[in-house]
Q: 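Have a look at this one before I ask anything.
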Protein chains: 2
Amino acid sequence: MYSIGEVSNMFQLTVPTLRYYDQQGLFPNLKRSESGVRSFCQNDLESIRVIEYLKKAGMSLKDIRTFIDWCHEGDGTLVDRQNMFLDKLAVVQAEIAELNRVQDLLKFKAWYYTQAVAENTEARIKHIQPQDMPEEIRKAYENSHAELQCPKVSPR
Amino acid sequence: MYSIGEVSNMFQLTVPTLRYYDQQGLFPNLKRSESGVRSFCQNDLESIRVIEYLKKAGMSLKDIRTFIDWCHEGDGTLVDRQNMFLDKLAVVQAEIAELNRVQDLLKFKAWYYTQAVAENTEARIKHIQPQDMPEEIRKAYENSHAELQCPKVSPR
DNA sequence: GCTTGACCTAAAGTCGACTTTAGGGGGTAG
DNA sequence: CTACCCCCTAAAGTCGACTTTAGGTCAAGC
């Protein structure tokens, strides 16, 4: 069993953050001493690991709490939990695709400014056309600019 | 030239959001009529596109403002802008790597619950060992569990 | 016996990025 | 002429995830 201070040191979480998680219902089985001191067992540590991962997957504490509650409700919630992970997987895959486009924009911008810095001015590079870029940069440029929103309304 | 309402329709941004961006200094060259009505030109629309992308790259409005200011200061800030994009590129690449691990965890969890749902109980799958998982799932499981933080403090 | 350090609670504060509210101007269509 | 729509500002509210503050308990060491 571990005190809240020890757990705080194990994970990169402050003591108030752990108390906040507890308050939000993320540790439904957390034991306390008679005087009210929290005492974390292996299962509670495992919960923290899961919470960290679900947070990285972009889930809110509220959604994480729902999941933890489902786990305690037993096999009746298996389909809910399955769907939750299938949905989250789709979201994360979309995020990865989006970030890859962002990465391409940043690669293009980094190249653009590297050229500008080398020439000590933005003057020439500012007007460069895709066909004059190196192959790899052109691809990144086109990929990252493909899905840009364009005006859908005409001028007045 | 476009009114704020037209611009709001072109991009998925509300009118108050555009006014908020203006207030934060993201449109330093935005023109107004004598009565104070905003009028967006092509350059302002281009700014909005850049803002959208830098937001996706995880930049705060404050950082975006700094970048926009640099652009107006001219060639003296080229190195700053280059470094900004190089730094952001590194951050986004780290995020992609992290999300790939998260994706593997979600793939594993989705598989886990698909098994549980098929068997109508978590009882068996709960105790499965890596060597008993399908190749692909085992890889995802091990990849996503490789960097888990582990207790760094001993029990008391 | 008193200080120290780790624990506790409840409640208020913070931060970023908006959104909402309240109050007002101005041009045009019926 | 008045209803309506779009525009404006300043200021307050919201939301999530914490952090900070204020005040209190308790066991151990000098």
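Letters A, B, ... mirror the listed sequences (proteins, then strands); counts begin at 1.
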Q: Between C:dA17 atom P and B:E52 atom CD, what is the distance in whole Å?
A: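 For the pair B:E52 CD and C:dA17 P, the rounded distance is 13 Å.
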Q: Quick one: does any side-chain atom of B:T77 pair with a main-chain N or O of B:D80 as donor and acceptor, under 3.5 Å?
A: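 No, because the side chain of B:T77 does not come within donor-acceptor range (under 3.5 Å) of the backbone of B:D80.
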Q: Under 3.5 Å, is there a donor-acceptor pair between the side chain of A:S8 and the main chain of A:I4?
A: no
Q: Which atoms of nucleotides 20-25 of chain D (N or O only) lie under 3.5 Å from a protein N or O atom, and what are those distances?
A:
none

Q: Angle class for the A:F40/A:F27 ring planes (parallel below 30°, perpendicular above 60°, tilted otherwise)?
A: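 Rings of A:F40 and A:F27: perpendicular, as their planes differ by over 60°.
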Q: Give a yes/no answer on whether the side chain of B:R38 brings an N or O atom under 4.0 Å of OP1 or OP2 in D:dC7.
A: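 Answer no for this pair, as no side-chain N or O of B:R38 is under 4.0 Å from OP1 or OP2.
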Q: Does a side-chain N or O of B:R19 approach OP1 or OP2 of D:dA11 to a distance below 4.0 Å, or not?
A: no
Q: Closest nucleotide of DNA chain C for A:D22 versus for B:Y21: which of these residues is on the 5' side?
A: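 Looking at DNA chain C, the more 5' nearest nucleotide goes with A:D22.
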Q: Rounded to whole Å, please give me the gap between CD in A:E34 and C1' in C:dC7.
A: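 It is 14 Å, rounded to the nearest whole Å.
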Q: Looking at residues 60-71 of chain A, who's got a heavy atom less than 4.0 Å off DNA chain D?
A: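 Per residue number, the list reads A:S60, A:L61.
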Q: Given C:dC18, is OP1 or OP2 found less than 4.0 Å from the side-chain N or O atoms of B:K55?
A: yes
Q: Starting from P on C:dG13, measure out to OH on A:Y20 and report it in whole angstrom.
A: 17 Å
Q: Nearest-Å distance, CD (A:Q23) to P (C:dA11)?
A: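 After rounding, the gap between these two atoms is 10 Å.
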Q: Would you say B:S3 reaches D:dC6's phosphate, i.e. side-chain N/O to OP1/OP2 under 4.0 Å?
A: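 Negative; the distance criterion is not met.
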Q: Answer yes or no: is there a side-chain heavy-atom contact under 4.5 Å between B:Q24 and B:I51?
A: no
Q: Determine the contact category for B:T14: base if any of its heavy atoms lies under 4.0 Å from a base atom, sugar-phosphate if only primed atoms, P, OP1 or OP2 are that close, otherwise nothing.
A: sugar-phosphate
Q: Between C:dC8 and A:S35, is there an OP1 or OP2 to side-chain N/O distance shorter than 4.0 Å?
A: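 Answer no for this pair, as no side-chain N or O of A:S35 is under 4.0 Å from OP1 or OP2.
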